[in-house]
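These notes are about the structure you will find just below.
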Number of protein chains: 2
Amino acid sequence: MPHILVVDDDREIRTLLTRFLGGHGYRVSAAKDGAEMMRMFEAGRIDLIILDVMLPGEDGLNLCRRVRAGSATPIIMLTAVGDETDRIVGLEMGADDYLSKPFNPRELLARIKAVLRRAGGPGAPVSAGETTSGGGRILAFEGWRLDLARRELHSPEGVLTQLSAGEFDLLVAFAEHPQRVLTRDQLLDLARGRVAAPFDRSIDVQVSRLRRKMEADPAEPVLIKTVRGGGYLFSASVKVEK
Amino acid sequence: MPHILVVDDDREIRTLLTRFLGGHGYRVSAAKDGAEMMRMFEAGRIDLIILDVMLPGEDGLNLCRRVRAGSATPIIMLTAVGDETDRIVGLEMGADDYLSKPFNPRELLARIKAVLRRAGGPGAPVSAGETTSGGGRILAFEGWRLDLARRELHSPEGVLTQLSAGEFDLLVAFAEHPQRVLTRDQLLDLARGRVAAPFDRSIDVQVSRLRRKMEADPAEPVLIKTVRGGGYLFSASVKVEK
DNA sequence: CGCAGGTGAAACACTCGGTTACCAAAATCT
DNA sequence: AGATTTTGGTAACCGAGTGTTTCACCTGCG
(Lines give C-alpha, C1' and ligand atoms only; values in the text may rest on other atoms or scores of the structure.)
Protein backbone atom coordinates (compact mmCIF):
# COMPACT_ATOMS: atom_id res chain seq x y z
CA MET A 1 0.00 0.00 0.00
CA PRO A 2 1.92 3.06 -1.23
CA HIS A 3 2.09 6.03 1.13
CA ILE A 4 1.43 9.39 -0.52
CA LEU A 5 2.15 12.77 1.04
CA VAL A 6 -0.08 15.60 -0.18
CA VAL A 7 1.28 19.12 0.32
CA ASP A 8 -1.11 22.00 -0.32
CA ASP A 9 -2.12 25.07 1.66
CA ASP A 10 -5.74 24.79 0.59
CA ARG A 11 -7.56 22.75 3.20
CA GLU A 12 -10.27 21.77 0.76
CA ILE A 13 -7.84 20.27 -1.73
CA ARG A 14 -6.13 18.38 1.07
CA THR A 15 -9.29 16.70 2.29
CA LEU A 16 -10.47 16.09 -1.25
CA LEU A 17 -7.27 14.35 -2.26
CA THR A 18 -6.97 12.48 1.01
CA ARG A 19 -10.42 11.04 0.53
CA PHE A 20 -10.05 10.39 -3.19
CA LEU A 21 -6.67 8.71 -3.03
CA GLY A 22 -7.60 6.88 0.15
CA GLY A 23 -10.56 5.44 -1.72
CA HIS A 24 -8.19 4.15 -4.39
CA GLY A 25 -6.05 2.11 -2.11
CA TYR A 26 -3.39 4.57 -1.05
CA ARG A 27 -2.32 5.55 2.41
CA VAL A 28 -2.41 9.36 2.48
CA SER A 29 -0.90 11.99 4.74
CA ALA A 30 -1.34 15.71 4.23
CA ALA A 31 0.77 18.74 5.07
CA LYS A 32 -0.16 22.39 4.73
CA ASP A 33 3.31 23.89 4.32
CA GLY A 34 6.96 23.08 3.85
CA ALA A 35 7.81 22.70 7.51
CA GLU A 36 5.01 20.23 8.10
CA MET A 37 5.95 18.40 4.95
CA MET A 38 9.61 17.96 5.86
CA ARG A 39 8.65 16.73 9.31
CA MET A 40 6.32 14.09 7.90
CA PHE A 41 8.72 13.18 5.15
CA GLU A 42 11.51 12.53 7.58
CA ALA A 43 9.34 10.69 10.05
CA GLY A 44 7.53 8.17 7.90
CA ARG A 45 8.24 6.11 4.88
CA ILE A 46 6.80 8.15 1.99
CA ASP A 47 6.51 6.64 -1.49
CA LEU A 48 5.39 9.70 -3.42
CA ILE A 49 4.90 13.42 -2.80
CA ILE A 50 2.21 15.55 -4.43
CA LEU A 51 3.51 19.07 -4.05
CA ASP A 52 1.82 22.38 -4.75
CA VAL A 53 4.15 25.01 -6.17
CA MET A 54 2.45 27.94 -4.45
CA LEU A 55 2.88 27.54 -0.73
CA PRO A 56 3.09 29.94 2.18
CA GLY A 57 6.68 30.25 3.35
CA GLU A 58 9.15 28.16 1.43
CA ASP A 59 7.80 27.46 -2.04
CA GLY A 60 7.31 24.12 -3.71
CA LEU A 61 10.24 24.37 -6.07
CA ASN A 62 12.63 24.91 -3.23
CA LEU A 63 11.14 22.05 -1.27
CA CYS A 64 11.41 19.83 -4.29
CA ARG A 65 15.08 20.61 -4.55
CA ARG A 66 15.61 19.99 -0.85
CA VAL A 67 13.94 16.60 -1.01
CA ARG A 68 15.94 15.70 -4.09
CA ALA A 69 19.18 16.56 -2.36
CA GLY A 70 18.80 13.59 -0.12
CA SER A 71 16.27 11.26 -1.65
CA ALA A 72 14.87 9.89 -4.88
CA THR A 73 11.27 9.84 -3.65
CA PRO A 74 9.02 10.56 -6.64
CA ILE A 75 7.41 14.01 -6.74
CA ILE A 76 4.43 15.22 -8.73
CA MET A 77 4.12 19.01 -8.78
CA LEU A 78 0.86 20.92 -8.97
CA THR A 79 1.27 24.17 -10.90
CA ALA A 80 -1.07 27.07 -11.52
CA VAL A 81 -2.94 26.81 -14.80
CA GLY A 82 -0.79 27.28 -17.84
CA ASP A 83 2.26 28.36 -15.96
CA GLU A 84 4.83 26.99 -18.34
CA THR A 85 7.73 28.49 -16.40
CA ASP A 86 6.93 26.69 -13.17
CA ARG A 87 6.48 23.48 -15.06
CA ILE A 88 9.90 23.65 -16.66
CA VAL A 89 11.67 24.77 -13.51
CA GLY A 90 9.85 22.01 -11.64
CA LEU A 91 11.12 19.32 -13.95
CA GLU A 92 14.60 20.80 -13.73
CA MET A 93 14.38 20.64 -9.96
CA GLY A 94 13.83 16.95 -10.26
CA ALA A 95 10.05 16.59 -10.16
CA ASP A 96 8.91 13.43 -11.92
CA ASP A 97 5.73 14.86 -13.36
CA TYR A 98 3.53 17.91 -13.12
CA LEU A 99 -0.14 18.66 -13.36
CA SER A 100 -1.80 22.05 -13.76
CA LYS A 101 -4.66 23.09 -11.53
CA PRO A 102 -7.52 22.56 -11.74
CA PHE A 103 -6.90 18.94 -12.57
CA ASN A 104 -8.96 15.87 -13.25
CA PRO A 105 -8.60 13.45 -10.32
CA ARG A 106 -8.56 10.48 -12.67
CA GLU A 107 -5.65 12.00 -14.51
CA LEU A 108 -3.81 12.53 -11.26
CA LEU A 109 -4.43 8.89 -10.45
CA ALA A 110 -3.01 7.85 -13.81
CA ARG A 111 0.13 9.89 -13.26
CA ILE A 112 0.56 8.53 -9.76
CA LYS A 113 0.40 5.02 -11.14
CA ALA A 114 2.82 5.87 -13.92
CA VAL A 115 5.31 7.53 -11.62
CA LEU A 116 5.15 4.78 -9.04
CA ARG A 117 5.56 2.20 -11.76
CA ARG A 118 8.66 3.94 -13.06
CA ALA A 119 10.08 4.37 -9.60
CA GLY A 120 9.70 0.97 -8.12
CA GLY A 121 7.23 -1.22 -9.91
CA PRO A 122 7.99 -4.32 -11.87
CA GLY A 123 7.57 -2.53 -15.18
CA ALA A 124 9.99 -0.08 -16.70
CA PRO A 125 12.56 -2.33 -18.25
CA VAL A 126 15.86 -0.84 -19.28
CA SER A 127 15.79 1.11 -22.50
CA ALA A 128 18.39 0.84 -25.20
CA GLY A 129 21.63 2.71 -24.89
CA GLU A 130 21.20 3.58 -21.25
CA THR A 131 23.10 2.51 -18.26
CA THR A 132 20.65 1.89 -15.51
CA SER A 133 21.15 4.06 -12.54
CA GLY A 134 17.59 4.37 -11.35
CA GLY A 135 17.80 5.07 -7.65
CA GLY A 136 21.49 4.38 -7.74
CA ARG A 137 22.37 6.37 -4.70
CA ILE A 138 25.34 5.77 -2.49
CA LEU A 139 25.31 7.07 1.06
CA ALA A 140 28.79 7.76 2.42
CA PHE A 141 29.65 8.30 6.09
CA GLU A 142 32.83 7.95 8.12
CA GLY A 143 34.48 6.12 5.27
CA TRP A 144 31.66 3.60 4.94
CA ARG A 145 29.77 3.42 1.66
CA LEU A 146 26.21 2.18 1.52
CA ASP A 147 25.10 1.32 -2.01
CA LEU A 148 21.30 1.37 -2.09
CA ALA A 149 20.94 -0.01 -5.61
CA ARG A 150 23.20 -2.98 -5.05
CA ARG A 151 22.28 -3.39 -1.40
CA GLU A 152 25.92 -3.51 -0.43
CA LEU A 153 27.93 -2.03 2.41
CA HIS A 154 31.64 -1.35 1.95
CA SER A 155 33.84 -0.74 4.96
CA PRO A 156 36.31 2.15 5.12
CA GLU A 157 38.96 -0.36 4.06
CA GLY A 158 36.91 -1.10 0.98
CA VAL A 159 35.86 -4.64 1.81
CA LEU A 160 32.33 -5.79 1.22
CA THR A 161 30.64 -6.23 4.58
CA GLN A 162 27.92 -8.85 4.65
CA LEU A 163 24.67 -7.60 6.14
CA SER A 164 21.41 -9.49 6.43
CA ALA A 165 18.38 -7.98 4.73
CA GLY A 166 17.03 -6.65 8.01
CA GLU A 167 20.32 -5.17 9.09
CA PHE A 168 20.65 -3.46 5.72
CA ASP A 169 17.16 -1.97 5.87
CA LEU A 170 17.74 -0.68 9.37
CA LEU A 171 21.06 0.88 8.40
CA VAL A 172 19.39 2.60 5.45
CA ALA A 173 16.77 4.02 7.80
CA PHE A 174 19.53 5.41 10.00
CA ALA A 175 21.66 6.76 7.16
CA GLU A 176 18.68 8.52 5.60
CA HIS A 177 17.89 10.27 8.86
CA PRO A 178 21.27 11.10 10.35
CA GLN A 179 21.85 13.12 13.49
CA ARG A 180 18.28 12.80 14.61
CA VAL A 181 16.88 10.85 17.48
CA LEU A 182 14.68 8.12 16.06
CA THR A 183 12.27 6.27 18.31
CA ARG A 184 11.93 2.52 18.05
CA ASP A 185 8.52 3.11 16.52
CA GLN A 186 9.93 5.27 13.76
CA LEU A 187 12.73 2.84 13.04
CA LEU A 188 10.32 -0.05 12.88
CA ASP A 189 8.19 1.89 10.44
CA LEU A 190 11.12 3.00 8.30
CA ALA A 191 12.95 -0.30 8.21
CA ARG A 192 10.17 -2.84 8.44
CA GLY A 193 7.05 -0.89 7.55
CA ARG A 194 5.21 -2.10 10.59
CA VAL A 195 4.17 -0.80 13.97
CA ALA A 196 5.50 -1.91 17.30
CA ALA A 197 3.95 -4.68 19.32
CA PRO A 198 3.90 -4.23 23.09
CA PHE A 199 7.32 -5.06 24.53
CA ASP A 200 8.79 -5.12 21.03
CA ARG A 201 12.55 -5.35 21.34
CA SER A 202 13.42 -6.34 17.82
CA ILE A 203 15.00 -3.00 16.96
CA ASP A 204 17.27 -3.25 20.00
CA VAL A 205 18.47 -6.63 18.86
CA GLN A 206 19.09 -5.48 15.30
CA VAL A 207 20.94 -2.41 16.53
CA SER A 208 23.12 -4.64 18.61
CA ARG A 209 23.82 -6.84 15.61
CA LEU A 210 24.68 -3.83 13.45
CA ARG A 211 27.04 -2.50 16.09
CA ARG A 212 28.81 -5.81 16.28
CA LYS A 213 29.52 -5.59 12.55
CA MET A 214 30.31 -1.89 12.26
CA GLU A 215 31.60 -0.43 15.52
CA ALA A 216 35.26 -0.68 16.42
CA ASP A 217 34.20 -1.26 20.02
CA PRO A 218 30.54 -2.36 20.20
CA ALA A 219 30.53 -1.58 23.92
CA GLU A 220 31.36 2.07 23.16
CA PRO A 221 29.29 2.80 20.08
CA VAL A 222 30.25 5.81 17.99
CA LEU A 223 28.06 5.45 14.90
CA ILE A 224 24.76 4.41 16.45
CA LYS A 225 24.28 6.02 19.84
CA THR A 226 21.67 5.10 22.40
CA VAL A 227 19.40 7.88 23.62
CA ARG A 228 18.01 6.63 26.84
CA GLY A 229 14.24 6.98 26.94
CA GLY A 230 14.25 8.27 23.38
CA GLY A 231 15.59 5.76 20.94
CA TYR A 232 18.72 5.71 18.82
CA LEU A 233 20.73 8.30 16.95
CA PHE A 234 22.93 7.90 13.90
CA SER A 235 25.74 10.29 14.68
CA ALA A 236 27.72 10.37 11.44
CA SER A 237 27.12 12.98 8.80
CA VAL A 238 26.03 11.44 5.55
CA LYS A 239 26.87 12.50 2.03
CA VAL A 240 24.71 11.45 -0.89
CA GLU A 241 27.02 10.52 -3.72
CA LYS A 242 25.18 9.56 -6.81
CA MET B 1 -11.08 -11.12 -41.99
CA PRO B 2 -8.87 -9.96 -39.12
CA HIS B 3 -10.26 -10.20 -35.62
CA ILE B 4 -9.77 -7.11 -33.44
CA LEU B 5 -10.26 -6.98 -29.68
CA VAL B 6 -11.21 -3.56 -28.31
CA VAL B 7 -10.57 -3.00 -24.60
CA ASP B 8 -12.01 0.14 -23.03
CA ASP B 9 -14.10 0.83 -19.95
CA ASP B 10 -16.15 3.47 -21.75
CA ARG B 11 -19.22 1.81 -23.22
CA GLU B 12 -19.64 4.55 -25.79
CA ILE B 13 -16.17 4.10 -27.21
CA ARG B 14 -16.68 0.37 -27.38
CA THR B 15 -19.85 0.57 -29.43
CA LEU B 16 -18.42 3.34 -31.58
CA LEU B 17 -15.33 1.35 -32.45
CA THR B 18 -17.22 -1.88 -32.89
CA ARG B 19 -19.51 -0.27 -35.41
CA PHE B 20 -16.81 1.72 -37.17
CA LEU B 21 -14.31 -1.12 -37.52
CA GLY B 22 -17.06 -3.59 -38.31
CA GLY B 23 -18.09 -1.34 -41.17
CA HIS B 24 -14.54 -1.47 -42.50
CA GLY B 25 -14.32 -5.20 -42.81
CA TYR B 26 -13.04 -6.29 -39.41
CA ARG B 27 -14.48 -8.77 -37.00
CA VAL B 28 -14.64 -6.95 -33.65
CA SER B 29 -14.97 -8.10 -30.06
CA ALA B 30 -15.06 -5.75 -27.09
CA ALA B 31 -14.04 -6.09 -23.46
CA LYS B 32 -14.59 -3.61 -20.65
CA ASP B 33 -11.71 -4.62 -18.39
CA GLY B 34 -8.64 -6.76 -18.07
CA ALA B 35 -10.39 -9.87 -16.85
CA GLU B 36 -12.83 -9.85 -19.74
CA MET B 37 -10.01 -9.13 -22.14
CA MET B 38 -7.85 -12.03 -21.03
CA ARG B 39 -10.80 -14.37 -21.23
CA MET B 40 -11.58 -13.36 -24.80
CA PHE B 41 -7.95 -13.28 -25.77
CA GLU B 42 -7.41 -16.82 -24.60
CA ALA B 43 -10.65 -18.08 -26.05
CA GLY B 44 -10.58 -16.77 -29.60
CA ARG B 45 -7.86 -16.19 -32.11
CA ILE B 46 -7.22 -12.45 -31.89
CA ASP B 47 -5.19 -10.66 -34.55
CA LEU B 48 -4.86 -7.26 -32.89
CA ILE B 49 -5.68 -5.64 -29.56
CA ILE B 50 -6.71 -2.02 -29.09
CA LEU B 51 -6.03 -1.35 -25.44
CA ASP B 52 -6.91 1.63 -23.28
CA VAL B 53 -4.26 2.49 -20.69
CA MET B 54 -6.71 3.64 -18.04
CA LEU B 55 -8.82 0.71 -16.97
CA PRO B 56 -10.60 -0.26 -13.79
CA GLY B 57 -8.64 -2.92 -11.96
CA GLU B 58 -5.47 -3.98 -13.69
CA ASP B 59 -4.27 -1.20 -15.96
CA GLY B 60 -3.50 -1.36 -19.64
CA LEU B 61 0.28 -1.32 -19.31
CA ASN B 62 0.22 -4.34 -17.07
CA LEU B 63 -2.14 -6.16 -19.40
CA CYS B 64 0.13 -5.32 -22.30
CA ARG B 65 3.03 -6.89 -20.51
CA ARG B 66 1.04 -9.97 -19.63
CA VAL B 67 -0.03 -10.49 -23.21
CA ARG B 68 3.54 -9.94 -24.40
CA ALA B 69 4.83 -12.51 -21.96
CA GLY B 70 3.23 -15.22 -24.00
CA SER B 71 2.36 -13.82 -27.39
CA ALA B 72 3.36 -11.40 -30.11
CA THR B 73 -0.19 -10.33 -30.95
CA PRO B 74 -0.01 -6.70 -32.07
CA ILE B 75 -1.22 -4.12 -29.56
CA ILE B 76 -2.21 -0.50 -30.13
CA MET B 77 -2.47 1.47 -26.91
CA LEU B 78 -4.86 4.34 -26.28
CA THR B 79 -3.35 6.90 -23.92
CA ALA B 80 -4.75 9.97 -22.24
CA VAL B 81 -4.11 13.12 -24.19
CA GLY B 82 -0.50 14.12 -24.22
CA ASP B 83 0.55 11.63 -21.64
CA GLU B 84 4.10 11.20 -22.75
CA THR B 85 4.92 8.94 -19.84
CA ASP B 86 2.30 6.34 -20.60
CA ARG B 87 3.23 6.43 -24.24
CA ILE B 88 6.87 5.71 -23.53
CA VAL B 89 6.20 3.06 -20.96
CA GLY B 90 3.64 1.55 -23.29
CA LEU B 91 6.15 1.16 -26.08
CA GLU B 92 8.65 -0.29 -23.64
CA MET B 93 6.08 -2.80 -22.57
CA GLY B 94 5.94 -4.00 -26.12
CA ALA B 95 3.00 -2.10 -27.58
CA ASP B 96 3.31 -1.73 -31.35
CA ASP B 97 1.78 1.69 -31.62
CA TYR B 98 -0.14 4.22 -29.57
CA LEU B 99 -2.76 6.84 -30.11
CA SER B 100 -3.81 9.60 -27.76
CA LYS B 101 -7.44 10.21 -26.98
CA PRO B 102 -9.48 11.74 -28.43
CA PHE B 103 -8.44 10.28 -31.75
CA ASN B 104 -9.59 10.50 -35.32
CA PRO B 105 -11.17 7.16 -36.31
CA ARG B 106 -9.60 7.31 -39.74
CA GLU B 107 -6.20 7.65 -38.16
CA LEU B 108 -6.85 4.61 -36.02
CA LEU B 109 -7.81 2.72 -39.14
CA ALA B 110 -4.55 3.70 -40.81
CA ARG B 111 -2.52 2.50 -37.85
CA ILE B 112 -4.41 -0.77 -37.64
CA LYS B 113 -3.61 -1.45 -41.27
CA ALA B 114 0.04 -0.53 -40.78
CA VAL B 115 0.46 -2.69 -37.70
CA LEU B 116 -1.30 -5.65 -39.24
CA ARG B 117 0.84 -5.34 -42.34
CA ARG B 118 4.02 -5.34 -40.26
CA ALA B 119 2.91 -8.21 -38.06
CA GLY B 120 1.05 -10.46 -40.42
CA GLY B 121 3.71 -10.91 -43.06
CA PRO B 122 4.98 -14.41 -43.64
CA GLY B 123 3.58 -16.18 -40.63
CA ALA B 124 4.94 -13.94 -37.87
CA PRO B 125 7.02 -16.44 -35.91
CA VAL B 126 7.00 -15.96 -32.16
CA SER B 127 9.26 -17.14 -29.46
CA ALA B 128 7.90 -16.84 -25.97
CA GLY B 129 9.45 -14.24 -23.73
CA GLU B 130 10.82 -12.22 -26.59
CA THR B 131 10.02 -8.56 -26.87
CA THR B 132 8.92 -7.55 -30.31
CA SER B 133 11.01 -4.45 -30.76
CA GLY B 134 14.16 -5.70 -29.06
CA GLY B 135 15.37 -7.83 -31.90
CA GLY B 136 19.11 -8.17 -31.52
CA ARG B 137 19.81 -6.74 -28.13
CA ILE B 138 22.76 -7.74 -26.01
CA LEU B 139 22.68 -7.04 -22.30
CA ALA B 140 26.13 -6.62 -20.77
CA PHE B 141 26.90 -6.70 -17.06
CA GLU B 142 30.00 -7.40 -15.01
CA GLY B 143 31.75 -8.81 -18.04
CA TRP B 144 28.91 -11.17 -18.88
CA ARG B 145 27.11 -10.80 -22.20
CA LEU B 146 23.53 -11.94 -22.63
CA ASP B 147 22.53 -12.20 -26.26
CA LEU B 148 18.74 -12.04 -26.47
CA ALA B 149 18.55 -12.82 -30.17
CA ARG B 150 20.73 -15.93 -30.02
CA ARG B 151 19.61 -16.81 -26.49
CA GLU B 152 23.23 -17.25 -25.45
CA LEU B 153 25.18 -16.28 -22.37
CA HIS B 154 28.91 -15.58 -22.60
CA SER B 155 31.03 -15.51 -19.47
CA PRO B 156 33.54 -12.72 -18.77
CA GLU B 157 36.21 -15.08 -20.13
CA GLY B 158 34.25 -15.29 -23.33
CA VAL B 159 33.12 -18.88 -23.05
CA LEU B 160 29.61 -19.83 -23.93
CA THR B 161 27.75 -20.80 -20.76
CA GLN B 162 25.01 -23.36 -21.20
CA LEU B 163 21.67 -22.30 -19.73
CA SER B 164 18.38 -24.10 -19.94
CA ALA B 165 15.44 -22.23 -21.46
CA GLY B 166 13.99 -21.48 -18.06
CA GLU B 167 17.27 -20.31 -16.62
CA PHE B 168 17.74 -18.04 -19.61
CA ASP B 169 14.28 -16.49 -19.29
CA LEU B 170 14.79 -15.87 -15.61
CA LEU B 171 18.15 -14.25 -16.20
CA VAL B 172 16.60 -12.01 -18.85
CA ALA B 173 13.92 -10.97 -16.38
CA PHE B 174 16.64 -10.04 -13.91
CA ALA B 175 18.86 -8.26 -16.41
CA GLU B 176 15.96 -6.20 -17.73
CA HIS B 177 15.10 -5.02 -14.22
CA PRO B 178 18.44 -4.54 -12.53
CA GLN B 179 19.00 -3.08 -9.11
CA ARG B 180 15.41 -3.50 -8.09
CA VAL B 181 13.92 -5.92 -5.65
CA LEU B 182 11.70 -8.31 -7.58
CA THR B 183 9.22 -10.50 -5.73
CA ARG B 184 8.83 -14.14 -6.63
CA ASP B 185 5.46 -13.24 -8.13
CA GLN B 186 6.96 -10.64 -10.40
CA LEU B 187 9.74 -12.95 -11.51
CA LEU B 188 7.31 -15.75 -12.21
CA ASP B 189 5.23 -13.37 -14.27
CA LEU B 190 8.20 -11.94 -16.14
CA ALA B 191 10.01 -15.18 -16.80
CA ARG B 192 7.17 -17.68 -17.07
CA GLY B 193 4.10 -15.55 -17.63
CA ARG B 194 2.19 -17.25 -14.89
CA VAL B 195 1.13 -16.56 -11.33
CA ALA B 196 2.42 -18.22 -8.22
CA ALA B 197 0.77 -21.24 -6.70
CA PRO B 198 0.70 -21.46 -2.91
CA PHE B 199 4.05 -22.69 -1.62
CA ASP B 200 5.57 -22.17 -5.06
CA ARG B 201 9.32 -22.54 -4.73
CA SER B 202 10.22 -22.87 -8.37
CA ILE B 203 11.85 -19.43 -8.58
CA ASP B 204 14.04 -20.26 -5.60
CA VAL B 205 15.28 -23.41 -7.26
CA GLN B 206 15.95 -21.67 -10.56
CA VAL B 207 17.80 -18.87 -8.80
CA SER B 208 19.90 -21.46 -7.06
CA ARG B 209 20.69 -23.10 -10.39
CA LEU B 210 21.62 -19.77 -11.97
CA ARG B 211 23.90 -18.97 -9.06
CA ARG B 212 25.66 -22.29 -9.38
CA LYS B 213 26.48 -21.43 -12.99
CA MET B 214 27.29 -17.75 -12.61
CA GLU B 215 28.49 -16.86 -9.13
CA ALA B 216 32.12 -17.26 -8.15
CA ASP B 217 30.97 -18.39 -4.72
CA PRO B 218 27.32 -19.46 -4.78
CA ALA B 219 27.23 -19.31 -0.99
CA GLU B 220 27.97 -15.58 -1.13
CA PRO B 221 26.10 -14.37 -4.15
CA VAL B 222 27.11 -11.05 -5.66
CA LEU B 223 25.02 -10.90 -8.83
CA ILE B 224 21.68 -12.15 -7.58
CA LYS B 225 21.09 -11.14 -3.99
CA THR B 226 18.39 -12.43 -1.69
CA VAL B 227 16.17 -9.89 0.02
CA ARG B 228 14.56 -11.77 2.83
CA GLY B 229 10.83 -11.28 2.90
CA GLY B 230 11.05 -9.37 -0.38
CA GLY B 231 12.42 -11.44 -3.19
CA TYR B 232 15.62 -11.17 -5.19
CA LEU B 233 17.72 -8.33 -6.54
CA PHE B 234 19.98 -8.29 -9.57
CA SER B 235 22.76 -6.06 -8.33
CA ALA B 236 24.87 -5.47 -11.44
CA SER B 237 24.32 -2.45 -13.64
CA VAL B 238 23.33 -3.44 -17.12
CA LYS B 239 24.28 -1.83 -20.39
CA VAL B 240 22.23 -2.44 -23.51
CA GLU B 241 24.61 -2.90 -26.42
CA LYS B 242 22.82 -3.32 -29.65
C1' DC C 1 20.61 2.12 49.74
C1' DG C 2 16.82 -0.10 47.41
C1' DC C 3 13.72 0.24 43.66
C1' DA C 4 11.88 0.83 38.97
C1' DG C 5 12.32 1.40 34.38
C1' DG C 6 15.41 1.05 30.37
C1' DT C 7 18.95 -1.21 27.71
C1' DG C 8 22.44 -4.91 26.11
C1' DA C 9 23.14 -9.49 25.33
C1' DA C 10 22.56 -14.48 25.33
C1' DA C 11 19.51 -18.16 24.45
C1' DC C 12 15.74 -19.92 22.35
C1' DA C 13 11.91 -20.55 18.91
C1' DC C 14 10.05 -19.93 14.64
C1' DT C 15 10.05 -18.65 9.83
C1' DC C 16 12.12 -18.23 5.51
C1' DG C 17 15.27 -19.45 1.92
C1' DG C 18 19.16 -22.75 -0.18
C1' DT C 19 19.88 -27.05 -1.59
C1' DT C 20 19.43 -31.81 -2.71
C1' DA C 21 16.82 -35.65 -4.28
C1' DC C 22 13.31 -37.17 -6.85
C1' DC C 23 9.53 -37.41 -10.29
C1' DA C 24 6.92 -36.24 -14.32
C1' DA C 25 6.75 -33.97 -18.59
C1' DA C 26 9.07 -32.60 -22.65
C1' DA C 27 12.56 -32.90 -25.91
C1' DT C 28 15.84 -35.62 -28.30
C1' DC C 29 17.70 -39.60 -30.17
C1' DT C 30 17.44 -44.46 -32.21
C1' DA D 1 7.11 -45.54 -31.87
C1' DG D 2 10.08 -46.51 -27.94
C1' DA D 3 14.20 -45.39 -25.29
C1' DT D 4 17.03 -41.93 -23.33
C1' DT D 5 18.25 -37.45 -21.87
C1' DT D 6 17.08 -32.99 -20.35
C1' DT D 7 14.37 -29.92 -17.87
C1' DG D 8 11.35 -27.89 -14.56
C1' DG D 9 8.66 -28.38 -10.47
C1' DT D 10 7.73 -30.51 -5.72
C1' DA D 11 8.99 -32.31 -1.32
C1' DA D 12 12.06 -32.43 2.35
C1' DC D 13 15.84 -31.22 5.14
C1' DC D 14 18.88 -27.97 7.02
C1' DG D 15 20.87 -23.69 8.11
C1' DA D 16 20.54 -18.71 8.40
C1' DG D 17 17.85 -14.69 9.77
C1' DT D 18 14.62 -12.60 12.80
C1' DG D 19 11.80 -11.84 16.80
C1' DT D 20 10.80 -13.09 21.77
C1' DT D 21 12.09 -14.09 26.22
C1' DT D 22 14.92 -13.70 29.89
C1' DC D 23 18.30 -11.98 32.83
C1' DA D 24 22.00 -8.99 34.14
C1' DC D 25 23.28 -4.48 34.61
C1' DC D 26 22.96 0.39 34.54
C1' DT D 27 20.93 4.78 35.59
C1' DG D 28 18.20 7.92 38.01
C1' DC D 29 15.30 8.63 41.86
C1' DG D 30 13.12 8.56 46.23
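Quick note on labels: first sequence line is chain A, next is B, and so on, each numbered from 1. Keep in mind that the numbers below use all heavy atoms, side chains included, and drop hydrogens, waters and symmetry copies.
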Side-chain atoms of B:Tyr232 come closest, of C:dA10, D:dG8, C:dG18, to C:dG18
Go through residues 195-204 of chain A and report each residue with a non-hydrogen atom lying under 4.0 Å from DNA chain D, sorted by number. A:Asp200, A:Arg201, A:Ser202
Between C1' on C:dG17 and CD on B:Glu220, what's the gap in Å once rounded to a whole number? 16 Å
Could you give the CZ-to-C1' distance, from A:Arg184 to D:dG19, as a whole number of Å? 15 Å
Would you check if the side chain of A:Glu215 reaches a backbone N or O of A:Ile224 as a donor-acceptor pair within less than 3.5 Å? yes
Looking only at heavy atoms, what is the nearest atom pair of B:Thr73 and B:Ile46, with distance? CG2-O, 3.6 Å
Under 3.5 Å, is there a donor-acceptor pair between the A:Thr183 and A:Asp185 side chains? no
Touch class at under 4.0 angstrom, heavy-atom based, for A:Arg211 against every strand present: sugar-phosphate
Just the rounded figure in Å: distance from P of C:dG18 to CG of B:Asp217. 14 Å
Pairwise side-chain contact, B:Leu182 with B:Phe234, heavy-atom cut-off 4.5 Å (strictly under): no
Heavy-atom count check: over 12 atoms from other residues, nucleotides or ligands less than 6.0 Å from A:Lys239 NZ? no
In whole Å, I'd like the distance from the CZ atom of A:Arg212 to the C1' atom of C:dG8. 10 Å
Taking only N and O in the side chain of A:Ser208, is any of them less than 4.0 Å away from OP1 or OP2 of C:dT7? no
Please tell me which of A:Val205 and A:Gly231 maps to the more 5' nucleotide of DNA chain C, matching each residue to the nucleotide holding its nearest heavy atom. A:Gly231
Between CD of B:Gln206 and P of C:dT20 the distance, given in whole Å, is 14 Å
Determine yes or no for a side-chain-to-main-chain donor-acceptor pair under 3.5 angstrom, with A:His3 supplying the side chain and A:Arg45 the backbone. yes
Judged by each residue's nearest nucleotide on DNA chain D, which is more toward the 5′ side, B:Leu188 or A:Arg192? B:Leu188
Looking at A:Arg209, A:Gln162, A:Lys213, which one forms a side-chain hydrogen bond (donor to acceptor under 3.5 Å, both in side chains) with A:Glu167? A:Lys213
Interatomic distance, A:Leu187 CG vs D:dG19 C1' [rounded to whole Å]: 16 Å
Separation of atom CG in A:Leu210 from atom P in D:dG19, rounded to whole Å: 12 Å
Under 3.5 Å, is there an N or O donor on one side and an acceptor on the other linking the side chain of A:Arg209 and the base of D:dG19? yes
Residues touching DNA chain C, which here means a heavy atom under 4.0 Å, drawn from residues 162-171 of chain A: none
Any carboxylate oxygen within less than 4.0 angstrom of a Lys/Arg side-chain nitrogen, looking at A:Asp204 and A:Arg184? yes
Taking the side chain as C-beta and beyond, is there a heavy-atom pair between A:Ser237 and A:Phe141 under 4.5 Å? no
